[in-house]
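Okay, structure first, notes after.
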Amino acid sequence: MAGYDYDLFVIGGGSGGVRAARVAAALGKRVGIAEEYRYGGTCVIRGCVPKKLYVYASQFPEHFADAAGYGWTVPQASFDWQTLVANKDREISRLEAIYKKNVQGAGGETFQSRAMLVDPHVVHLLGEDRTVTADQILIATGGRPAPHPALPGHEYCIFSNEAFDLQELPKAIMIEGGGYIAVEFANIFHGLGVDTTLVYRGKEILSRFDMDLRRMLHETMEKKGIRILCHAVSEWIRKRPDGRLDALLTGGKVLTVDQVMLAIGRLPNAENMGLEGVGIEMTQTGAINVDQYSRTNIDNIWAIGDVTNRVQLTPVAIHEAMCFVETAFKGNPTAPDHDTIATAVFSQPEIGTVGLSEDEAVKRFSDLEIYRATFRPMRHTLSGRDERMLMKLVVDGASKKVLGAHILGPDAGEMAQLLGIPLKAGLTKDDFDRTMAVHPTAAEELVTMYKPTYRVKDGERV
Ligand SMILES: Cc1cc2nc3c(=O)[nH]c(=O)nc-3n(C[C@H](O)[C@H](O)[C@H](O)COP(=O)(O)OP(=O)(O)OC[C@H]3O[C@@H](n4cnc5c(N)ncnc54)[C@H](O)[C@@H]3O)c2cc1C
């Protein structure tokens, strides 16, 4: 649009923002994008990517131990935290450069600056002390860890951001929270040899997942040596003269640890950005309110990703970016589809899941067939590791449609990705049964559970 500096200005260079900027620029649009910290955003710099690298790092002790059953003698292994952090830094810097270069390569202009809205077509770039104008503005500023100012001693606590870059590996850590970030970090620290306690106020970790997976993961983590305290919160954190931390928990127990990490949720980055001044409507949780096409109440201002607090996952932010470009620039209004999203928890063992949990399905369907198998994965026969795998299909008894698929065990995340396709396509249990197994794999169980383990009729297990 002539008259403006840009056709599109994007605020936030994370998963969603970079994708929208790159694709719009590749269409020939004049695009600018501002990032205040590092291109790549949460996922690349302090989320999915470094997290998965640390998961890999933390799995080696089990691999070394398991190797013995296969005839290997592994010499005494040692671990160097600083090497891991430095190698992680190298990798995320490489990705950061690629993200930036991709936008520039498509013809977009990148700014290293915090950006604020001045009016619906004007953005102030604080780092450059200048303003730019744009026809369309996309806010993709993501989120950040929720603080806990009411907790006395909260100033001694760290969040996931800091956990990646600790000066040294703690000997003991307490992690508060029961979501996937808390659970994944508990497994990472434990695997790296840290005495780990997970403290969660709810009745069972991972509240939105299938209860079977939650219970079995809980048991398996405890068997490995991770302490999990449910129905508990910290009342205060105090620094001791020796520099360690005391945490008073519900019930009077005091834990002494080197670090306390809070993973109690995430908040949208929507403050101090001029949104109120421009009149952008917010939700009660402080997220930007958008319609089904990711448009705010102001016609030319859009928002995608974690700042809208819909589904906080990288592929979702990217999908919303693609839909935004279709809608805003290709004359093809496209609403993001948030239904049946496959996802993983990179716990140890891993969770892979797609569709409805049994508890959710019970609320919506009066006749369910549950197919459930637990078994020792083949790799643990010779390793001797006492760890079982769980597979579960939740099926609508009337239509035979597979409503949910839930896996706990090695490579569950990889399997969930593939299961996402038949579930999204609405395939039935008969389609699963007609599918030939791949042998010998763990995944073959998904197509060989012929008889329901039990049924649930009108909420009653029969
Ligand atoms: C520890 C952790 C692990 C995770 N693991 C996974 C996982 O395994 N799988 C998965 O799918 N998702 C995972 N996520 C979630 C995923 O990282 C987010 O859903 C995703 O990054 C959201 O993308 P986004 O574009 O909305 O925001 P972000 O990627 O957060 O990007 C927002 C960017 O905007 C910048 N910004 C903010 N305000 C301004 C401003 N005013 N001006 C300029 N720039 C600004 C920020 O610096 C940031 O770079 C994880 C998150 C965390 C914290």
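Every number for a ligand or one of its atoms is a count from 1 in the order of the listing.
Close N/O approach between D306 and ligand 1 is found [any backbone or side-chain N/O within under 3.5 Å]. In terms of polar-atom proximity, defined here as any N/O pair under 3.5 Å, T42 does make such a contact with ligand 1. In terms of polar-atom proximity, Y180 is counted as a contact of ligand 1, with an N or O under 3.5 Å from an N or O of the ligand. No N or O atom of F346 sits closer than 3.5 Å to an N or O atom of ligand 1.
Under the 4.0 Å criterion applied to side-chain N and carboxylate O atoms, D337 and K424 are assigned as salt-bridge partners. The residues E360 and R364 are annotated as salt-bridged, a charged nitrogen and a carboxylate oxygen being separated by less than 4.0 angstrom. Note on E222 versus R227: no salt bridge recorded, every NZ/NE/NH1/NH2 to OD/OE distance being 4.0 Å or above. One finds no salt bridge joining D165 and R46 here, because no Lys/Arg side-chain nitrogen approaches an Asp/Glu carboxylate oxygen to under 4.0 Å.
Side-chain contact annotation: S234 with E176, donor-acceptor N/O pair under 3.5 Å present. Checking N300 against H121 by side-chain atom types alone, a donor-acceptor pair falls below 3.5 Å. Side-chain contact annotation: E281 with T296, donor-acceptor N/O pair under 3.5 Å absent.
Residue C48 touches ligand 1 through backbone and side chain together, judged by heavy-atom distances below 4.0 Å. The part of I11 lying near ligand 1 is the side chain, judged by heavy-atom distances below 4.0 Å. At a 4.0 Å heavy-atom cut-off, ligand 1 does not touch E184 at all.
Of the protein's non-hydrogen atoms, R266 NH1, 3.3 Å is the one closest to atom 53 (C) of ligand 1. At the top of the distance list for atom 27 (O) of ligand 1, counting protein heavy atoms only, stands G142 CA, 3.2 Å. Protein heavy atom nearest atom 34 (O) of ligand 1, with residue, atom name and distance: G12 CA, 3.2 Å. Closest to atom 31 (O) of ligand 1, if we only count protein heavy atoms, is G14 CA, 3.2 Å.
Remark: ligand 1 atoms within the under-4.0 Å shell around heavy atoms of A140 are 32 (C), 33 (C), 34 (O). Heavy-atom contacts of P315 reach the following atoms of ligand 1: 11 (O) (cutoff under 4.0 Å). Residue Y37 approaches ligand 1 through these ligand atoms, each under 4.0 Å from one of its heavy atoms: 47 (O). Those atoms of ligand 1 that come under 4.0 Å of a heavy atom in L313, given as number and element, are 10 (C), 11 (O), 12 (N), 19 (O). Taking every heavy atom of G305 and a limit of under 4.0 angstrom, the matching atoms of ligand 1 come to 26 (O). For ligand 1, the atoms sitting less than 4.0 Å from at least one non-hydrogen atom of K51 are 3 (C), 4 (C), 5 (N), 6 (C), 7 (C), 8 (O), numbered in the order shown with element in parentheses. Atoms of ligand 1 lying under 4.0 Å from any heavy atom of A317, numbered from 1 in the order shown and given with element: 23 (O).
The option from R19, E35, E36, Q312 that lies nearest to atom 35 (C) of ligand 1, judged by heavy atoms, is E35. Checking V55, I33, T314, T141 against atom 39 (C) of ligand 1, the nearest heavy atom belongs to T141. With atom 2 (C) of ligand 1 as the reference point, the heavy atom nearest to it among A115, A303, G47 is part of G47. Closest heavy-atom approach to atom 21 (O) of ligand 1 among the candidates G16, G127, C43, S113: C43.
Every residue meeting the side-chain contact (heavy atoms from CB on, under 4.5 Å) condition with V23, not counting sequence neighbours, appears here in chain and number order: R19, M322, V325.
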List the atom pairs, donor and acceptor, that lie under 3.5 Å between side-chain atoms in residues 403-413 and the rest of the protein, sequence neighbours left out.
from, atom 1, to, atom 2, distance (Å)
H406, ND1, T353, OG1, 2.7
H406, NE2, L356, O, 2.8

Checklist entry - Which is it for D212 and R372 under the salt bridge (Lys or Arg N to Asp or Glu O under 4.0 Å) test, yes or no, and what are the steps along the way? => result CA-CA 10 Å; D212 262 336; R372 186 183 184 281; 2.9 Å; yes
Next on the checklist: D7 vs R30, test: salt bridge (Lys or Arg N to Asp or Glu O under 4.0 Å). Steps then yes/no.
Outcome noted: CA-CA 5 Å; D7 299 316; R30 294 169 305 142; 3.2 Å; yes
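The six-membered or imidazole ring of F346 lies away from that of F185, with a centre-to-centre distance of 6.0 Å or more. In summary, the aromatic rings of W236 and Y156 are positioned with their centroids too far apart to meet the 6.0 Å limit.
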